[in-house]
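Working notes, beginning with the structure itself.
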Amino acid sequence: MTAWDSEVDLLVFGAGAGGMTAALVGALEGLEVLLCEKTAMVGGITSTSAGTIWVPGTSQSVRAGVPDSIEAARQYLGSVLGYRADRAMLDAFLGAGPKAIDDLEARTEVKFAAATAHPDYLSNHPGAAYGGRALGALPFDGRKLGPDFDRVRPPRPEFLVLGGMMVTRADIPSLLAPFGSFANFTHVAKLLARHTLDRLRRNRGTRLVMGNALVARLLYSLRRAAVPISFDTSLTELVQDDGGIVGAVVDSPAGHRAIHARRGVVLATGGLARNARLREQLFPTAARPYSLAPEGNTGDGIATALRSGAALDAHVATAGLWMPCSIRHHQDGTKALFPHIVLDRAKPGLIAVNASGRRFVNEADSYHEFVMAMLELDRTTPTVPAYLICDRSFIRDYGIGLVHPRTRKLGTFIKDGYLVEGRTVRELADKIGAEPDGLETTVATHNEDARTGIDQAFGRGSSDLNRINGDPANKPNPCMRPIGPGPFYAVAVWPADLATSAGLSANQDGQVLGPDRQPIPGLYVCGNDMASIFRGTYPGPGTTIGPAIVFAWRIAMHVAENVHPIATPTQEPERAARDRIPGA
Ligand SMILES: Cc1cc2nc3c(=O)[nH]c(=O)nc-3n(C[C@H](O)[C@H](O)[C@H](O)COP(=O)(O)OP(=O)(O)OC[C@H]3O[C@@H](n4cnc5c(N)ncnc54)[C@H](O)[C@@H]3O)c2cc1C
């Protein structure tokens with residue numbers, strides 16, 4: 001018999017999007033909840049993310065004037081996932097998504113807006129949406145949190161400007177041209193005035209946007225619902241009896257403690273990104289060196305569940321979800337990892353090449369597709385790192401990675417090796433170790449295509465996603481213009497995981513499954529700890545946080561015995577069997 005130190009109804013591990021939502025909704029459903037977080041701050045990767053959630057068919061899409069249809073989303077997912085689709089899981093997500101988001105909005109301060117123009121990432125598939133499916137948390141005033149403001153994990157420093165100010169994509173045009181119009185001027189003046197005041201009192205700005213806004217809204221709502229959060233408290237072991245999981249042992253500032261969970265334990269510890277053994281086992285070699293996950297995401301939820309008889313589901317297209325990242329080495333030995341998400345790759349006048357000096361991908365496609373192409377080709381031709389290539393006018397107009405647009409002096413970036421400069425294409429090729437003839441031919445071919453606007457090799461600029469991240473003022477193709485004259489520049493990019501897609505096997509209510517596909521009573525999972533329902537594909541902006549929130553909501557409802565099963569067409573047995581076959 002375990003001697004319990006305390007007991008609750010629902011014991012939640014990990015204060016990211018998944019865990020915070022499960023704890024919050026559980027408490028609203030009347031459960032006694034304890035949320036345990038390993039570090040001193042809430043937020044995990046969620047805090048450092050763009051915070052977009054992909055949830056089709058919401059009332060928020062109607063409110064934004066871009067109504068979305070679940071039927072179209074089902075068609076889209078069917079086309080993108082193909083044989084990998086688990087229809088029961090997808091229907092659980094699609095059916096509960098709009099309800100979960102409405103419920104959060106109605107009962108908490110977690111509020112969203114649907115983007116009118118934020119296309120699905122594989123927008124050439126049937127059923128893809130141009131807007132309405134990607135939702136973002138509304139900006140949040142961090143001052144409302146009082147002392148809890150310091151409990152919110154800050155964003156990546158690479159994404160902050162002016163000593164700690166968060167900016168959204170919508171802020172950038174005004175910041176680049178503050179005197180361009182009266183509206184630009186007033187917007188920038190307001191941002192700066194607020195930020196100056198903030199910095200007098202705090203080490204960063206309190207106007208929270210993107211992932212930080214989502215986490216801050218969840219924290220604010222958790223406090224209002226009086227949900228206790230135990231910081232620096234780490235799950236170390238699950239406690240099991242004949243009936244299933246009944247609690248857990250934690251490592252906390254008060255020492256080891258055994259906590260009885262009367263109704264359930266939720267694992268939401270952010271996935272296996274920093275678990276050296278699972279990383280080695282599941283990630284391609286070329287993708288192992290770099291991760292965007294915080295150090296604390298060491299796969300504890302997954303590892304403890306595996307010890308308790310859970311099944312690992314790694315039958316996914318790829319165990320990680322990826323972003324191409326450039327790396328700047330600082331003099332003090334630290335390094336900045338910059339994810340090339342949307343600001344440069346799709347802009348006209350940039351190509352990506354490998355060691356042969358050849359292009360290998362439509363550079364304007366999603367970050368995940370970009371890295372998938374990199375990893376695929378790297379099996380036969382060195383493509384890790386790959387190089388983003390542009391000229392001086394590109395850097396002036398759009399910036400590249402950590403070099404902001406309009407940066408006049410590139411000397412420090414060149415000196416520390418972040419940026420490589422060549423007077424000619426050949427010289428640049430020599431410096432980055434690419435084949436000079438290959439790179440010269442590639443640039444010449446690209447420049448010919450840029451004049452007609454048709455990228456014959458990869459169709460750059462041919463999808464909604466490409467064009468929205470390009471430059472609308474650039475004609476005829478918003479994603480292509482000739483590169484040159486020199487000098488020319490290169491930035492090296494490596495794959496880094498932004499999330500993991502392999503994880504614990506689970507059912508529609510987030511119950512963890514054993515190898516026999518039967519639920520382990522009392523054990524639930526959401527977020528990156530759960531195998532991705534999109535099976536290693538990346539359908540759209542918000543691919544991980546959308547399901548994290550929706551399944552967290554389903555878990556809380558299930559635990560509270562308040563779930564209303566959503567009618568789902570059952571999988572035909574033959575297909576279900578095929579879905580479970582590795583690599584089928
Ligand atoms: C730059 C960037 C941008 C991104 N943008 C998006 C986006 O816009 N939309 C999207 O869907 N995804 C995005 N992602 C991915 C997304 O942020 C993550 O997949 C998601 O936030 C994971 O949520 P989670 O709740 O599973 O984990 P996390 O948010 O990482 O939370 C897990 C928490 O568990 C804690 N923990 C770990 N071990 C233990 C333990 N033993 N006991 C207790 N607590 C523990 C951790 O400290 C952490 O706080 C982005 C990622 C990056 C890097």
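What you see is a predicted model, and the numbers here were worked out from it, not measured in a lab. Indexing begins at 1, ligand by ligand and atom by atom, following the structure's order.
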**Item:** Region of A50 engaging ligand 1 - heavy atom pairs below 4.0 Å
**Value:** both

**Message:** Looking at G44, is its backbone amide N or carbonyl O close enough to the side chain of S47 to form a donor-acceptor pair, meaning the two atoms are under 3.5 Å apart?
**Reply:** no

**Asked** Any heavy atom of P541 sitting closer than 4.0 Å to ligand 1?
**Response** no

**Asked** If only atom types and distance count, is the side chain of S308 paired as donor or acceptor with the main-chain N or O of L306 below 3.5 Å?
**Response** no

**Asked** Should you measure from each heavy atom of G43, which atoms of ligand 1 turn up under 4.0 Å away?
**Response** 29 (O)

**Request:** Return yes or no for this condition: an N or O of G546 is under 3.5 Å from an N or O of ligand 1.
**Result:** no

**Item:** Residue selection (non-hydrogen contact nearest atom 1 (C) of ligand 1) among I45, T543, T48
**Value:** T48

**Y524 ring center within less than 6.0 Å of H558 ring center** = yes

**Asked** For atom 26 (O) of ligand 1, which protein heavy atom lies nearest, and how many Å away is it?
**Response** N528 N, 2.8 Å

**Request:** Would you mind checking if R345 and E363 are paired as a salt bridge, meaning a charged N to carboxylate O distance below 4.0 Å?
**Result:** no

**Request:** May I ask you to list the atoms of ligand 1 that are less than 4.0 angstrom from any heavy atom of G527?
**Result:** 26 (O)

**Winner among E37, M20, M41 once heavy atoms are compared against atom 35 (C) of ligand 1** = E37

**Request:** Would you mind listing which atoms of ligand 1 come within a distance below 4.0 Å of any non-hydrogen atom of T233?
**Result:** 42 (N), 43 (C)

**Under 3.5 Å: donor-acceptor pair, side chain of D344, backbone of G401** = yes

**Prompt:** Does the side chain of D529 pick up a donor-acceptor pair with the side chain of T269 at under 3.5 Å?
**Reply:** yes

**Message:** Does ligand 1 come near enough to I545 that some N or O of the ligand is less than 3.5 Å from an N or O of the residue?
**Reply:** yes

**Message:** Looking at non-hydrogen atoms alone, which of I302, T544, V215, I53 comes nearest to atom 18 (C) of ligand 1?
**Reply:** T544

**Asked** Is R63 salt-bridged to E105, going by a charged N under 4.0 Å from an acidic O?
**Response** yes

**Request:** Output the list of atoms in ligand 1 that are nearer than 4.0 Å to some heavy atom of G296, sorted by atom number.
**Result:** 37 (C), 38 (N)

**Item:** Side chain to side chain, F159 and T48, heavy atoms closer than 4.5 Å
**Value:** no

**Message:** Heavy atoms only, cut-off 4.0 Å: how does M323 contact ligand 1, side chain, backbone, both, or neither?
**Reply:** side chain

**Asked** Parallel, tilted or perpendicular for Y538 and Y367, by the 30°/60° rule?
**Response** perpendicular

**Prompt:** G270 heavy atoms, cut-off 4.0 Å: which ligand 1 atoms fall inside?
**Reply:** 26 (O), 27 (O), 30 (O), 32 (C)

**Message:** Checking contacts here: is it the side chain or the backbone of D529 that comes within 4.0 Å of ligand 1, counting heavy atoms only? Could be both or neither.
**Reply:** neither

**Request:** May I ask you to identify, for A548, whether its side chain, its backbone, both or neither come under 4.0 Å of ligand 1 on a heavy-atom basis?
**Result:** neither

**Request:** Starting from atom 43 (C) of ligand 1, locate the nearest protein heavy atom and write down its residue, its atom name and how far away it is, to 0.1 Å.
**Result:** K38 N, 3.4 Å

**Request:** Identify, for atom 23 (O) of ligand 1, the protein heavy atom at the shortest distance, and state residue, atom and that distance.
**Result:** T46 OG1, 3.3 Å

**Prompt:** Just by modelled atom types, is the E109 backbone N or O under 3.5 Å from a matching donor or acceptor in the S221 side chain?
**Reply:** yes

**Message:** List the residues meeting salt bridge (charged side-chain N to carboxylate O under 4.0 Å, His left out) with K347, not counting sequence neighbours, and say none if there are none.
**Reply:** none

**Message:** Please check whether R156 reaches ligand 1 - meaning an N/O of the residue sits under 3.5 Å from an N/O of the ligand, judged on distance alone.
**Reply:** no

**Residue and atom name of the nearest protein heavy atom (relative to atom 25 (O) of ligand 1), distance in Å to one decimal** = G18 N, 3.0 Å

**Asked** Side-chain contact, heavy-atom cut-off 4.5 Å: C36 with L235?
**Response** no

**Asked** Which protein non-hydrogen atom lies closest to atom 42 (N) of ligand 1, naming both residue and atom, and how far is it?
**Response** L235 N, 3.0 Å

**Message:** Using heavy atoms and a 4.0 Å limit, tell me yes or no: is G271 in contact with ligand 1?
**Reply:** no

**Asked** Are any non-hydrogen side-chain atoms of R279 and S291 less than 4.5 angstrom apart?
**Response** yes

**Asked** Is a salt bridge present between D313 and R535, judged by a nitrogen-to-oxygen distance below 4.0 Å?
**Response** yes

**Prompt:** Between D171 and T168, is any side-chain donor less than 3.5 angstrom from a side-chain acceptor?
**Reply:** yes

**Prompt:** Can you list the atoms of ligand 1 that are under 4.0 Å from a heavy atom of T52?
**Reply:** 7 (C), 8 (O), 9 (N), 10 (C), 11 (O)

**Fill in**
atom 4 (C) of ligand 1 has as its nearest protein heavy atom S49 CB, 3.2 Å

**Asked** Is it the side chain (CB and beyond), the backbone, both or neither of D300 that lies under 4.0 Å from ligand 1, heavy atoms counted?
**Response** side chain

**Request:** Compare all side-chain heavy atoms of V215 with those of R153 and state whether any distance is below 4.5 angstrom.
**Result:** no

**Request:** For G44, counting its heavy atoms only, list the atoms of ligand 1 lying under 4.0 Å from any of them.
**Result:** 28 (P), 29 (O), 30 (O), 31 (O), 48 (C), 49 (O)

**Message:** With heavy-atom distances below 4.0 Å as the criterion, list the atoms of ligand 1 near A499.
**Reply:** 19 (O)

**Asked** To the nearest 0.1 Å, how far is atom 31 (O) of ligand 1 from its closest protein heavy atom, and which atom is that?
**Response** G16 CA, 3.3 Å

**Prompt:** Parallel under 30°, tilted from 30 to 60°, perpendicular over 60°: which one fits the rings of F93 and W54?
**Reply:** parallel

**Message:** Tell me whether Y538 has any N or O atom under 3.5 angstrom from an N or O of ligand 1.
**Reply:** no

**Message:** I'd like to check whether G19 has a polar contact with ligand 1, where a contact means an N/O of the residue lying under 3.5 Å from an N/O of the ligand.
**Reply:** no

**Request:** May I ask you to check whether L292 has an N/O atom sitting below 3.5 Å from an N/O atom of ligand 1?
**Result:** no

**Request:** Specify the protein heavy atom at minimum distance from atom 52 (C) of ligand 1: its residue, its atom name, and the distance to 0.1 Å.
**Result:** L498 CB, 4.0 Å

**Request:** Without swapping roles, check the side chain of N466 against the backbone of A364 for a donor-acceptor pair under 3.5 Å.
**Result:** yes

**Asked** At under 4.0 Å between heavy atoms, which part of A268 makes contact with ligand 1: side chain, backbone, both or neither?
**Response** backbone

**Asked** Should F13 be counted as touching ligand 1, given the test is an N or O pair under 3.5 Å?
**Response** no

**Item:** Side-chain heavy-atom pair P547, M89 within 4.5 angstrom cut-off
**Value:** no

